[in-house]
Amino acid sequence: MNKLEEKLKTLPVGPGVYFHKDTGGEIIYIGKAASLRNRVRQYFQASRARDPKTDILISEIADTEWREVATEADALFLEAELVRRYQPRFNILLRDDKSLQFIRIDYKSDYPTVRLVRRPLDDGAEYFGPYVNGLAVKKALRYLRRAFPYAISRPNGQKRANLYYHLGLDPGLEEGKTSLADYRADLRKLMQYLRGERVALTRQIERDMKKAARARDFEAAVGLRNRLFCLQALNRQILFSDKENAELERDHALIQLAQLLGSEGPLRRVEGFDISHMQGSDTVASMVVFIGGVPDKASYRKFKMRLPGNDDFAHMAETIRRRLREENVKKWPLPDLVLIDGGKGQLSAAIATRDEAELAKLPFIGLAKREEEIIINRQASLPELDVEQIQKQTQSLGGWCQVEPDYLTISLPVNSPVVKLLQRIRDESHRFAVSYHSTLKRGRMTTSLLEEIPGIGPASRKKLIRKFGSMRGVSTASPAEIGAVIGPAKAKTVASWLSARKV
């Protein structure tokens with residue numbers, strides 16, 4: 001591993017494709033990167049949260065090679081071509097088939113088109129891919145279409161060139177603006193680029209441009225020059241580095257948070273809790289789950305409070321008690337960290353309930369809304385709390401730590417990755433709680449008084465609301481009008497009930 005560590009120090013900062021190999025030299029995984037140095041090093045960070053399949057991959061890596069390229073587009077297309085060529089087993093194991101996309105070019109058709117599809121077919125068309133990042137592929141194709149105009153669909157009886165032709169994005173086969181032979185020649189160049197052969201293609205276009213200029217065919221030379229400009233424009237386009245940088249920031253945030261709290265291992269699973277109500281009515285709680293800094297919405301849970309009234313501390317205690325019940329602990333994995341939306345009061349109530357469940361080693365922290373301060377209970381939030389170490393880590397992150405007899409209050413810069421991560425978890429728990437609360441409130445407010453009338457079932461209520469629009473409309477209708485909808489007998493029941501309650 002020392003040899004590999006030395007090799008990793010020479011990684012370039014630019015975009016490229018990397019190859020992980022096993023002890024036998026077989027390529028087991030191929031990936032792309034906007035920054036090879038940042039992306040490849042992530043695999044070997046001991047504190048980084050990973051899923052089990054990635055852990056297996058890393059355990060088999062004996063060597064890593066890479067190929068540096070000029071643009072993100074080059075990396076995107078070269079990765080897909082090499083995966084198709086080598087079929088690394090971990091690329092097959094780690095990918096999600098639902099997210100894969102292919103570029104389909106029916107080159108041999110009398111009206112060739114270029115489209116993105118989910119599944120390749122044995123239909124004689126050329127397929128390129130698979131691509132995991134469909135958004136990046138769409139962005140790249142938009143720029144490539146400027147260099148090599150192509151049709152995206154076959155026209156239905158249309159005889160005139162469409163709008164895309166006038167924008168320089170379509171060959172205009174309908175009016176014969178481009179011959180089929182010339183169009184196919186452009187598609188061959190496009191396919192050459194998709195195979196990762198940008199350098200050879202660029203040189204070929206440069207040669208053709210100079211040849212046209214020597215022959216004084218300046219119109220053709222200008223067209224070829226414009227194609228070169230379009231290809232060069234891809235150098236400046238961000239296709240997937242934004243997502244990669246966001247992932248890198250999440251990793252940094254999780255590492256810094258673990259170091260700040262003195263955690264022995266990575267904080268893979270973090271749960272956030274919040275309470276929502278309206279003056280003590282329709283009180284609910286939310287539990288959101290972040291795995292590796294990313295929301296895992298399938299693991300979200302919501303709780304309808306059983307305790308009445310407006311008491312955030314009691315409701316938080318009830319929520320944690322229900323979350324840590326034995327049956328729920330068996331169904332839902334315990335988190336590496338619990339984030340409570342609130343200050344000292346909510347945090348203390350949650351910790352007291354945690355201790356009742358005999359899970360004292362489960363770390364709890366709070367995030368106060370006003371100043372975005374991290375609250376830690378000195379007595380019970382974290383096992384073996386090292387105050388001096390937390391103070392040092394806080395200072396290294398550019399913040400300060402206030403030490404009180406029972407609490408630590410940590411304030412970090414607002415642009416700190418740790419603060420941003422905790423804010424995302426807190427805001428998501430708040431959003432999920434408010435969403436559930438709004439659903440309950442809306443259901444209560446729209447519950448019709450008709451449900452209280454004995455003998456009037458769902459079908460009759462639905463007919464009345466459809467006819468009269470609301471409970472007020474029903475109350476102002478005459479018995480004869482109601483009877484015309486649900487029958488005289490039920491109309492009499494409704495009329496007598498409304499009269500008794502003076503609705």
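These figures come from a predicted structure and were not determined experimentally.
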Side chain to side chain donor-acceptor pair (under 3.5 Å) involving Ser396 - partner list, sequence neighbours excluded: none
Between Met287 and Lys302, is any pair of side-chain heavy atoms under 4.5 Å apart? no
Any side-chain heavy atom of Leu324 within less than 4.5 Å of one from Leu362? yes
Heavy-atom side-chain contact between Met191 and Arg195 under 4.5 Å: yes
Any side chain to side chain donor-acceptor pair (under 3.5 Å) pairs touching residues 66-77, not counting sequence neighbours? Thr71-Asp74, Glu72-Ser241, Asp74-Tyr193, Asp74-Arg198
Residue set satisfying side chain to side chain contact (heavy atoms under 4.5 Å, CB included) with Glu60, at least two apart, ordered chain then number -> Ile28, Ile56, Arg89, Phe90
After noting the C-alpha distance and the side-chain angles of Phe273 and Ile320, does the key distance pass the side chain to side chain contact (heavy atoms under 4.5 Å, CB included) rule? CA-CA 9 Å; Phe273 292 85; Ile320 300 301; 4.0 Å; yes
Residues in side chain to side chain contact (heavy atoms under 4.5 Å, CB included) contact with Ala253, at least two apart in sequence or another chain: Pro417, Leu421
Can we say Lys7 and Asp63 salt-bridge, meaning some charged N sits less than 4.0 Å from an Asp/Glu carboxylate O? yes
Name all residues meeting the side chain to side chain donor-acceptor pair (under 3.5 Å) criterion together with Asp336; count only those two or more places apart in sequence or in a different chain, and write none if there are none. none
In short, side chain to side chain donor-acceptor pair (under 3.5 Å) pairs touching residues 409-432 with sequence neighbours left out are Asp274-His430, Tyr300-Glu428, Glu372-Gln423, Glu372-Arg426, Glu428-Arg431
Phe229 vs Leu231 side-chain heavy atoms within contact, under 4.5 Å: no
What residues, two or more places apart in sequence or in another chain, satisfy side chain to side chain contact (heavy atoms under 4.5 Å, CB included) together with Tyr164? Arg145, Ile152, Asn162, Leu169, Asp170
Using distance only, find each side-chain donor-acceptor pair of residues 220-228 under 3.5 Å and give its atom names and separation, not counting sequence neighbours.
unit_1	atom_1	unit_2	atom_2	d
Asn226	ND2	Val222	O	3.4
Arg227	NE	Ala147	O	3.0
Arg227	NH1	Asp186	OD1	2.9
Arg227	NH2	Asp186	OD1	2.7
Arg227	NH2	Asp186	OD2	2.8

Taking side chain to side chain contact (heavy atoms under 4.5 Å, CB included) as the definition, give me every residue that meets it alongside Lys9, ordered by chain and number, with sequence neighbours left out. Glu6, Arg41
Apply side chain to side chain donor-acceptor pair (under 3.5 Å) to Tyr18 and list each qualifying residue two or more places apart in sequence or on a separate chain. Tyr43
Cation over ring, Lys189 on Phe148, under 6.0 Å and within 45°? no
Check whether any side-chain heavy atom of Tyr111 lies under 4.5 Å from a side-chain heavy atom of Leu173, and answer yes or no. yes
So Asn377 and Phe364, do their side chains get closer than 4.5 Å, heavy atoms only? no
Does any non-hydrogen side-chain atom of Leu359 lie less than 4.5 Å from one of Leu334? yes
Electrostatic pair Glu126-Lys108, nearest N-O below 4.0 angstrom: no
Can you list everything that forms a side chain to side chain donor-acceptor pair (under 3.5 Å) with Arg119? Sequence neighbours excluded, please. none
Show every salt bridge (charged side-chain N to carboxylate O under 4.0 Å, His left out) that has at least one partner inside residues 29-38, sequence neighbours left out. Lys32-Glu79
Heavy-atom side-chain contact between Ile375 and Tyr407 under 4.5 Å: yes
